[in-house]
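Note that the structure is predicted; figures quoted are calculated from it, not measured.
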Amino acid sequence: MSGTKNRKQEGNLAARMGRWSAYHWKTATFGWLAFVIVVFALGGMAGTKSIDPNKPGPGESGRMEAILDEGFKQPAGESVLIENESLRVDDPAFAAVIEDVVRRIETVDVVQNVRSPLDPENAAQIAPSGHAALVEFEIRGDADDAADKIGPVLDRVSVAQQVHHEFFIGEFGLASGEDAIVTAYEDDLAKAGELSLPITLIILVIAFGALVAAGIPLLLALTAVFGTFGLVALSSHFLPMAMQAPAVVLLIGLAVGVDYSMFYLRREREERAAGRSQAAAVEAAAATSGRSVLVSGLVVMTSMAGMFLTGNEIFASIAVATIAVVAMAVLGSLTVLPALLCRFGDGVDRLRVPLIRRLRRDDGKGRVWGAIVDRVMRRPVLSAAVSGGALVALAIPAFQLHLATPSPDTYPRSIPAVEAYVRMQEAFPGSALPANVVVQASDVNAPAVQASIQELEERALASGRMHEPITVEVNANGTVANITVPMAGDGEDAASRAALATLRDDIVPATVGALPDVETGVTGLTAQWVDSTDAIKSKLPLVFAFVLLLAFVVMLVAFRSLVIAAKAILLNLLSVAAAYGVLVLVFQHGIGKDFLGFTSTEGIDPAIPLLLFVILFGLSMDYHVFILSRIREAVGRGVRSDEAVAYGIRSTAGVVTSAAIVMVFVFAIFATLSMLFFKQFGVGLAVAVLLDATIVRAVLLPASMKLLGDWNWYLPSWLEWLPRFDLGEGERPPETAPVST
């Protein structure tokens with residue numbers, strides 16, 4: 001029997017990695033640190049290449065953008081709004097301010113083609129009310145580099161605002177908007193890091209009762225995050241990174257890094273408390289919790305890989321970043337952690353916090369959860385019906401989920417560019433985010449083409465959904481015309497979408513679109529947002545199917561049970577659907593919007609549902625795999641199914657609760673950030689993890705396993721060919737000599 005046990009342990013990859021690291025703790029520990037430092041340093045030197053926001057996107061708007069780029073090589077356009085509620089533009093004091101702003105802007109080297117509203121040919125730059133005017137100009141050079149050059153211009157505008165404080169003076173354009181949003185994302189990321197680290201440490205101290213034990217998971221998570229930052233920076237020169245990627249790395253890295261370390265560390269402490277030697281305790285933790293970490297990490301990375309199927313650069317870059325940080329967290333947990341545990345031994349309990357040690361239990365079993373599980377096991381049908389019904393009720397609003405790309409006015413008005421945009425929309429409706437009708441022909445100056453363009457302008461104004469000034473620009477070769485059409489709405493609301501639909505479906509086909517041998521289409525930010533959202537929607541079924549299928553296969557192979565795999569998918573779908581429902585209630589119906597500090601209820605960012613699905617489906621498997629592994633351990637030792645379920649829930653209650661609290665608090669921090677994307681992301685993740693760690697794992701899971709009994713472990717004979725992924729459970733590693741440190 002001893003030989004069988006040893007052979008099983010030899011077949012367990014996690015156990016082998018843990019054993020090697022324990023006997024080579026210096027190589028494992030210092031090798032890890034050296035790797036992280038080198039990769040982080042190389043990434044810092046190489047820098048991170050970001051996705052080009054001006055790169056043509058999918059659909060009709062993407063094709064038209066490519067035509068414009070080739071035909072015009074357009075520089076980035078910017079506008080400065082000058083506004084005064086009491087003075088009109090023709091007032092000498094107002095005109096003097098305009099002249100001062102023009103003079104300040106013209107002195108900047110990167111600025112060209114400054115157009116003053118005081119010039120008679122630029123009368124359209126004066127608002128109908130007469131109380132606002134636009135100074136328009138361009139940033140010299142490639143539009144892709146404009147955001148890097150806009151700083152000096154923003155400084156001049158800021159000084160002008162300070163000098164003429166009785167006026168509002170603000171700038172908005174693609175370059176200034178991009179610069180403002182990137183800065184806001186960076187500020188939010190810094191705030192998230194500042195808040196999440198101390199909160200995580202406090203929770204870990206409460207969970208372990210000792211500073212050393214609490215510090216190990218946090219340090220491992222941080223090294224995984226910093227190492228990933230370096231890897232992502234290096235890989236960005238092959239696949240540019242989205243601006244959201246660093247925030248997602250921090251979020252996921254802290255969550256899984258702390259979780260994996262907690263699972264491993266808690267198991268090692270339990271084995272030591274049971275009287276095992278240090279080496280035997282580490283090996284037992286490696287064979288059981290280490291294997292759970294490995295399986296969980298594979299499921300998480302598999303889920304993240306689904307984002308590659310979108311064909312979208314943003315999702316592909318986030319997939320690379322999240323897969324990298326999860327892989328780093330798994331590798332650190334399976335190598336560095338056992339090395340440190342063998343090196344420190346019982347010293348991991350040093351620097352104890354006396355009060356916390358008295359309040360907590362060392363056996364890891366939660367009294368509260370134990371009492372809940374007892375009641376659930378006595379009334380499984382009622383428990384499953386009530387908890388399942390609650391999740392379904394939360395999920396029902398998800399049918400109303402509406403995707404809406406955030407327009408500038410969904411960003412905080414504390415951002416100067418956003419304030420300028422909102423005021424610009426009020427003074428010049430549609431001028432800040434107009435539609436661009438593109439006409440490509442052998443000669444756009446031909447009489448027939450010009451007549452169709454004139455007819456397009458007339459029909460656009462007659463629709464009531466487009467406004468003056470409509471402008472037409474023709475490239476030097478006379479082959480491309482760019483017709484700028486201001487539209488109703490804020491660029492993302494129903495009015496803007498209706499105007500775009502009218503332009504695309506009615507006006508363009510009946511005018512320039514009816515010409516022979518002419519290519520036409522509509523672009524502009526509204527069109528780009530609509531096309532991007534439609535592209536994401538079309539890929540969702542494929543991504544969901546991929547994640548569900550591969551997660552099912554991994555669970556099936558890991559636990560050799562058709563029922564366990566199917567039930568894991570169903571329970572995870574319930575928690576994700578409930579999270580979607582809560583998102584709709586909060587961000588579409590506005591429940592709690594004053595508390596969370598946002599105003600826009602247009603809809604959910606198109607990236608959120610897909611990101612939440614792949615991330616939550618992966619993260620929720622952490623607890624599922626960890627709990628099921630404990631249950632399977634007991635079953636492997638001959639314990640009855642009911643007793644094994646109760647044992648698995650009770651024995652993991654403490655660590656699962658602590659890990660869930662870490663995740664919920666870290667995710668909740670993102671709900672306090674300024675950007676709407678982070679708020680939606682944080683609320684969705686926090687709610688889903690909270691539901692998953694409570695209702696799903698403590699009620700639905702034990703209730704369903706009680707009802708199914710031995711059927712939980714059903715595997716049809718025609719699937720016996722599946723490879724045996726040795727559980728390493730039910731078999732305790734033999735006692736070994738202490739590892740020399």
Side-chain angles (χ1 to χ4, degrees), residues 56-57 59-68 71-72 74 77 79 121-129 134 136 405 407 424-475 477-534:
E60 178 182 320
S61 61
R63 296 194 301 273
M64 295 304 104
E65 285 294 319
I67 291 174
L68 285 179
F72 283 91
Q74 306 171 94
S79 299
E121 63 270 22
N122 298 329
Q125 293 171 213
I126 299 176
S129 67
L134 292 176
E136 298 181 342
T405 302
S407 58
M424 205 176 290
Q425 280 291 96
E426 294 170 353
F428 300 86
S431 63
L433 298 177
N436 296 90
V437 179
V438 180
V439 180
Q440 185 180 45
S442 57
D443 182 10
V444 296
N445 293 312
V449 178
Q450 288 297 308
S452 294
I453 292 176
Q454 180 63 36
E455 184 183 359
L456 181 147
E457 293 181 27
E458 293 171 356
R459 287 184 177 234
L461 295 175
S463 70
R465 291 174 171 169
M466 292 91 179
H467 311 288
E468 290 280 11
I470 297 177
T471 60
V472 181
E473 186 180 5
V474 178
N475 70 341
N477 296 328
T479 56
V480 179
N482 178 19
I483 309 166
T484 301
V485 184
M487 299 190 301
D490 64 6
E492 177 49 40
D493 60 7
S496 294
R497 292 194 297 272
L500 177 66
T502 299
L503 198 56
R504 277 182 164 177
D505 301 338
D506 301 329
I507 297 175
V508 171
T511 56
V512 292
L515 294 170
D517 301 322
V518 173
E519 185 171 359
T520 63
V522 182
T523 183
L525 286 180
T526 301
Q528 292 170 25
W529 293 337
V530 168
D531 291 345
S532 295
T533 300
D534 290 344

Enquirer: Excluding sequence neighbours, so at least two apart, what forms salt bridge (Lys or Arg N to Asp or Glu O under 4.0 Å) with Glu136?
Expert: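 Glu136 satisfies salt bridge (Lys or Arg N to Asp or Glu O under 4.0 Å) with Arg115 only.
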Enquirer: Listed by chain and number, what are the side chain to side chain contact (heavy atoms under 4.5 Å, CB included) partners of Ala127, not counting sequence neighbours?
Expert: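 Checked Ala127 against side chain to side chain contact (heavy atoms under 4.5 Å, CB included); matches are Ser129, Ala132, Ala427, Phe428.
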Enquirer: Look only at the side chain of Glu473 and the backbone of Asn482, and say whether a donor-acceptor pair between them is shorter than 3.5 Å.
Expert: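 Absent.
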Enquirer: Just to verify, what does Thr479 make a side chain to side chain contact (heavy atoms under 4.5 Å, CB included) with, not counting sequence neighbours?
Expert: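 Partners of Thr479 under the side chain to side chain contact (heavy atoms under 4.5 Å, CB included) test: Asn475, Asn477.
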Enquirer: Starting from the C-alpha separation in whole Å, work towards a yes-or-no answer on side chain to side chain contact (heavy atoms under 4.5 Å, CB included) for Val512 and Ile453.
Expert: CA-CA 6 Å; Val512 292; Ile453 292 176; 3.9 Å; yes
Enquirer: Measuring only between side-chain heavy atoms, which start at C-beta, is Asn436 closer than 4.5 Å to Met64?
Expert: no
Enquirer: What distance separates Asn445 CG from Gln450 CD, expressed to the nearest 0.5 Å?
Expert: 5.5 Å
Enquirer: How would you list, by chain and number, every residue that makes a side chain to side chain donor-acceptor pair (under 3.5 Å) with Ser496, sequence neighbours excluded?
Expert: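 Side chain to side chain donor-acceptor pair (under 3.5 Å) list for Ser496, sorted by chain: Asp493.
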Enquirer: Check residues 499-508 and write down every donor-acceptor pair under 3.5 Å in which the side-chain atom is one partner and the other belongs to a residue at least two apart or another chain.
Expert:
unit_1 : atom_1 : unit_2 : atom_2 : d
Thr502 : OG1    : Arg465 : NH1    : 2.7
Thr502 : OG1    : Ala498 : O      : 3.0
Arg504 : NE     : Glu60  : OE2    : 3.4
Arg504 : NH1    : Asp531 : OD1    : 3.0
Arg504 : NH2    : Val522 : O      : 3.1
Arg504 : NH2    : Asp531 : OD2    : 2.9

Enquirer: Indicate the atoms forming the closest heavy-atom contact of Ser452 with Thr511, along with that distance.
Expert: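 Ser452 and Thr511 have their closest heavy atoms at O-CB, 3.7 Å.
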Enquirer: Quick check: closest heavy atoms across Ser61 and Thr523, and the distance to 0.1 Å?
Expert: O-OG1, 3.4 Å
Enquirer: Glu458: what forms a side chain to side chain contact (heavy atoms under 4.5 Å, CB included) with it, not counting sequence neighbours?
Expert: Gln454
Enquirer: Would you please name every residue forming a side chain to side chain contact (heavy atoms under 4.5 Å, CB included) with Gln440, sequence neighbours left out?
Expert: Ile67, Val480, Glu519
Enquirer: Quick one: closest heavy-atom pair of Val444 and Ala481, and the distance?
Expert: CG1-N, 4.0 Å
Enquirer: Identify, with sequence neighbours excluded, every residue that meets side chain to side chain donor-acceptor pair (under 3.5 Å) alongside Ser532.
Expert: none
Enquirer: Tell me, please, which residues at least two apart from Glu455 pass salt bridge (Lys or Arg N to Asp or Glu O under 4.0 Å).
Expert: Arg459
Enquirer: If I compare all heavy atoms of Gly513 with all of Thr520, which pair ends up nearest, and what's the gap?
Expert: CA-OG1, 3.6 Å
